[in-house]
Amino acid sequence: MTAVFVFAPFIVLLVVAAGWDLATYTIPNFVSGLLLAAFIVFAIVSGMSGHTLAMHALSAFLALLVGFALFSLGYIGGGDAKLFAAAASWFGLHDLLQYTLIASVFGGALTLLLLTIRAWPLPLFLANRGWIARLHEPKGGIPYGVALAAGALAVLPYTDIFHRTLG
């Protein structure tokens, strides 16, 4: 139960990002900014060492570089790139690869799910819902923030920061 309180800002902001992306195909900058600010507060309050903090900052920087490379190639949106970096700040270098892999698997599954659903006709009662109709558009994008958030939440209990904080 303590984990829920300690990591509440992380969890809540990821859920907000996923929901926002699902409904609008955007992730506002303030969500990623608050996620990063919450990590900084967490690092200070938890007494994180300077070296560990630097490794978390490096993780965020590397994720931002990769995210913007993917954005420039048109694979993900700018909000996804920023969310990836903000979430990576929480994991540090130790768990960055694990997070990236799980989020990628979730992203692939989400993509396959949406492509499959888009091949079927949308029931009339759902067609009136703007965000559902947008998700169903055959040439519509993939709200990758959902996969990034789900990956982060799935990986969190297995991360170094989780075990150090609650161990």
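Just so it is clear, the model here is predicted, and its values are computed rather than measured.
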Next on the checklist: I'd like to check the ring-ring contact (aromatic ring centres under 6.0 Å, His included) partners of F84; sequence neighbours left out, ordered by chain and number.
Outcome noted: Y99
Next on the checklist: Can you list everything that forms a side-chain hydrogen bond (donor to acceptor under 3.5 Å, both in side chains) with T26? Sequence neighbours excluded, please.
Outcome noted: T24
Checklist entry - T52: what forms a side-chain hydrogen bond (donor to acceptor under 3.5 Å, both in side chains) with it, not counting sequence neighbours? => result S49
Item to check | Co-members of V41 in a cluster of I, L, V, M, F, W and Y side chains, linked at under 4.5 Å | outcome: V45
Item to check | Other cluster members, L97 - Ile/Leu/Val/Met/Phe/Trp/Tyr, side-chain contacts below 4.5 Å | outcome: none
Checklist entry - Given the rule that I, L, V, M, F, W and Y join up when any side-chain heavy atoms are under 4.5 Å apart, are V15 and V31 in one cluster? => result yes
Next on the checklist: Test of understanding: clusters of I, L, V, M, F, W, Y form through side-chain heavy atoms closer than 4.5 Å, transitively. Do L112 and L122 belong to the same one?
Outcome noted: no
Determine which pairs satisfy ring pair (Phe, Tyr, Trp, His ring centres under 6.0 Å) with at least one residue from [range], sequence neighbours left out, and list them in order.
{"range": "residues 36-63", "answer": "F7-F42, F39-H56, F39-W90, F42-W90"}
{"range": "residues 11-37", "answer": "W20-F30"}
{"range": "residues 105-133", "answer": "none"}

Item to check | Non-neighbouring partners of F68 that pass side-chain contact (heavy atoms from CB on, under 4.5 Å), sequence neighbours left out | outcome: L64, F71, A81, K82
Next on the checklist: Could you work out, with side-chain contact (heavy atoms from CB on, under 4.5 Å) as the rule, every residue matching I117, not counting sequence neighbours?
Outcome noted: L113, H136
Checklist entry - Which pairs with one or both residues in residues 116-135 pass salt bridge (charged side-chain N to carboxylate O under 4.0 Å, His left out), sequence neighbours excluded? => result none
Item to check | Within residues 153-163 or reaching into it, pairs that qualify as salt bridge (charged side-chain N to carboxylate O under 4.0 Å, His left out) - sequence neighbours excluded | outcome: D160-R164
